[in-house]
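In what follows, chains are A, B, ... by sequence order, proteins preceding strands, each numbered from 1.
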There are 2 protein chains.
Amino acid sequence: MSQDSLHAAAIEPNSPKTLAENAYLQLRHDIVTGKHRPGSKLRVEHLKKQYQVGAGTLREALLLLVTDALVTVQGQRGFRVAPISLDDFQDITRVRTVLEAEALALSIAHGDEVWESNAVAAFHRLTRVEERLHQGDVGFDEWEARNRAFHSSLLAACPSRWTLHFLSILYQQSERYRRLVLGNPTVPRDVHAEHSALLEATLQRDAKTASRLLVHHIEKTLEVVRLLPADSFGE
Amino acid sequence: MSQDSLHAAAIEPNSPKTLAENAYLQLRHDIVTGKHRPGSKLRVEHLKKQYQVGAGTLREALLLLVTDALVTVQGQRGFRVAPISLDDFQDITRVRTVLEAEALALSIAHGDEVWESNAVAAFHRLTRVEERLHQGDVGFDEWEARNRAFHSSLLAACPSRWTLHFLSILYQQSERYRRLVLGNPTVPRDVHAEHSALLEATLQRDAKTASRLLVHHIEKTLEVVRLLPADSFGE
DNA sequence: TAAACATTTTTTCTCGAGATTTTTTTGTAC
DNA sequence: GTACAAAAAAATCTCGAGAAAAAATGTTTA
């Protein structure tokens, strides 16, 4: 886990070196993708076989997930997958729009040329994977990773560590809901065009337009999630 | 640890039942009060004697502190007390004002009579402890606890779980800096009057005034911290 | 002297087994 | 059939010892 980044979710860059980190990453993926259902119990005795680690190590992995608010822990009563709900996603979206609009404005104000080119590069990589996604050559995981990288690159020049820390948590939470939409019929939407316009406004240092586009982009996903059947969030 | 509250810091209400929670609470206190210096290493082998628990249990306590961003962890390199700096506190203050102003406005919009009376009661308890504090009958810990309870009571009706979650983290971080001011000569300030005016505006449902007073209240502490000698944050 | 390497010491990480607590099941009375 | 109590089962929590890694120390060489 890196020290400069406050967030445990920022482990990835350095390949995981401990078994606990490894189990953490696997568990996180399985929770975000819904393999472990929201609200369900996470029994250490059962999971240690699945993830091939000892009980103590698995507990550490679960404790790391508490930092991401993907798992809740209750003394003497074990661990649970954090529940999801439409209310929760509305709250996530609201807080995210507030923080992300501010973070983007700050990033635009502080960003240099390196920041600019990193954003362009991230957009390019995202575009490429989108093409392959349409052809079925590549999985959603890969798109999700590059989508995150793109959004992250836009905010990279924001000097507020705490804003970025909270946003990384909220972004990851949002991913749970984005995955929910995958199989379902969705409203027509051109995500690529949204990203493209967002990048353009950002590069032109038009903070107001960029923030507005970003907020709209985030809220659009909420609209889509709202259309899901009511039983999509648990059962 | 409670489940409805997302934040590990919300353990207190239920008296700690596991040794790990107990060690967590003690460690947290010792970090917030500066007994373990910012940036210093937290060696498990050494601490387990101090807190009278096994290595695994102590690691769990430290992992819980990572959730509060009071401790950082780095794979294969152990735990450290999260560092502090003026820059960090400026960031904390900025994000706090944004979130707290919004949370208070929401709380005022949603609060009922029970919420009102709880706020009045919390203010009363804070006032009482202030009297005894001046007489030296009671320690700063007690004042700090009731100060937190008062501020928490104001926001209690805010329906945004995530805003409250992040604020509870930021509030706890702020406490580290407030403790720094304790011994030092400080600018003249009537905290009681600030609280009083804040409560009044809140009870009158004047969201605009209340938020303004709250932001001012929070920023005032930043001014005080700014006056500290430069070597106050580490060394 | 400074850098490169090998050795020792310290610290972190990991596991499995036992103690404690919670949950479930079973049994009994009303 | 319901309510309550006791026993059994399951799960969590805790510890100490050993394996793996990092840091510190000492030695050699240019």
Side-chain angles (χ1 to χ4, degrees), chain A residues 1-4 8 10-28 30-31 36-37 39-67 70-82, chain B residues 1-4 8 10-28 30-31 36-37 39-67 70-82:
Chain A
M1 280 146 262
S2 72
Q3 187 175 351
D4 48 9
I11 290 180
E12 292 139 309
N14 338 328
S15 58
K17 284 167 185 171
T18 65
L19 295 182
E21 285 177 21
N22 229 318
Y24 159 77
L25 290 175
Q26 289 182 55
L27 265 163
R28 192 178 69 177
D30 291 344
I31 289 172
H36 297 296
R37 280 174 312 177
S40 65
K41 263 212 120 218
L42 293 164
R43 291 190 185 79
V44 176
E45 285 304 312
H46 185 240
L47 294 174
K48 62 189 248 194
K49 286 164 194 163
Q50 195 171 344
Y51 294 94
Q52 295 291 327
V53 290
T57 303
L58 188 54
R59 288 180 63 84
E60 291 205 5
L62 289 168
L63 252 2
L64 283 174
L65 285 163
V66 172
T67 301
L70 287 171
V71 164
T72 61
V73 57
Q74 208 177 359
Q76 219 69 271
R77 288 197 207 164
F79 301 88
R80 280 186 174 280
V81 179
Chain B
M1 280 147 260
S2 74
Q3 185 177 352
D4 48 10
I11 291 181
E12 291 139 311
N14 337 328
S15 55
K17 282 167 184 171
T18 66
L19 295 182
E21 286 178 20
N22 228 320
Y24 159 76
L25 290 175
Q26 288 181 56
L27 264 163
R28 191 179 67 178
D30 291 343
I31 289 173
H36 296 296
R37 279 174 313 177
S40 65
K41 269 218 109 206
L42 292 165
R43 290 186 186 81
V44 175
E45 285 305 311
H46 185 239
L47 294 174
K48 61 189 245 194
K49 285 163 193 163
Q50 195 173 343
Y51 294 93
Q52 296 290 327
V53 289
T57 303
L58 188 53
R59 287 179 63 84
E60 290 206 5
L62 289 168
L63 252 2
L64 283 174
L65 286 162
V66 173
T67 300
L70 288 170
V71 164
T72 61
V73 58
Q74 207 177 359
Q76 221 67 274
R77 289 197 204 165
F79 301 88
R80 282 185 174 279
V81 180

Q) How many Å lie between CG on Leu62(A) and P on dT14(C), as a whole number? A) 14 Å
Q. Under 4.0 angstrom, heavy atoms only, what part of the nucleic acid is Glu45(A) near: base, sugar-phosphate, or nothing?
A. base
Q: Check every atom of dT14(D), dA23(D), dT12(C) against the side chain of Leu19(B) and return the nucleotide holding the closest atom.
A: dT14(D)
Q: Output the distance between atom CG (Leu64(B)) and atom OG1 (Thr67(A)), rounded to the nearest 0.5 Å.
A: 8.0 Å
Q.
Quick check on dT14(D): is either OP1 or OP2 less than 4.0 Å from any side-chain nitrogen or oxygen of Arg59(B)?
A. no
Q: Among the candidates dT14(D), dA22(D), dC13(C), find the nucleotide nearest to the side-chain atoms of Thr18(A).
A: dC13(C)
Q.
I want to confirm an ordering. Mapping Phe79(B) and Gln76(A) to their closest nucleotides on DNA chain C, which one lands closer to the 5' end?
A. Phe79(B)
Q. Closest heavy-atom contact between Leu65(B) and Ile31(B)?
A. CD1-CD1, 4.0 Å
Q: Kindly say if Arg43(B) contacts the phosphate of dT11(C), meaning a side-chain N or O under 4.0 Å from OP1 or OP2.
A: yes
Q: Measure from CD on Gln52(A) to C1' on dT14(C) and round the result to the nearest Å.
A: 14 Å
Q) What is the nucleic acid contact for Leu42(B), judged by heavy atoms within less than 4.0 Å: base, sugar-phosphate only, or nothing? A) sugar-phosphate
Q. If you look at every strand shown and take non-hydrogen atoms under 4.0 Å, does Ala20(B) touch a base, only sugar-phosphate, or nothing?
A. sugar-phosphate
Q: Specify the separation, in whole Å, of atom CG of Leu58(B) and atom P of dT14(C).
A: 16 Å
Q.
Rounded to whole Å, how long is the line connecting atom NE2 of His46(B) with atom C1' of dT10(C)?
A. 14 Å
Q) Gln74(A) CD to dT23(C) C1': how many Å, rounded? A) 14 Å
Q | Nearest heavy-atom neighbours spanning His36(A) and Leu47(A) | A | CE1-CD2, 3.7 Å
Q. For Lys48(A), which contact category applies under a 4.0 Å heavy-atom criterion: base, sugar-phosphate, or nothing?
A. nothing
Q: Looking only at non-hydrogen atoms, find the nearest pair between Arg80(B) and Leu42(B) and report the distance.
A: C-CD1, 3.9 Å
Q. Whole-Å distance between dT12(C) P and Leu47(B) CG?
A. 9 Å
Q: Find the distance between CD (Gln74(B)) and CD (Glu21(A)) and round it off to the nearest 0.5 Å.
A: 9.0 Å
Q. To the side chain of Arg77(A), which of dT22(C), dT12(C), dT14(D) is closest?
A. dT22(C)
Q) Once you round it to whole Å, what is the distance between P of dT11(C) and CZ of Arg80(B)? A) 13 Å
**Q.** Interatomic distance, Lys49(B) NZ vs dT10(C) C1' [rounded to whole Å]
**A.** 12 Å
Q | Phosphate-side-chain proximity, Thr57(B) and dC15(D), N/O vs OP1/OP2 below 4.0 Å | A | yes
Q. Is Lys17(B) near enough to dT12(D) that one of its side-chain N or O atoms lies under 4.0 angstrom from OP1 or OP2?
A. no
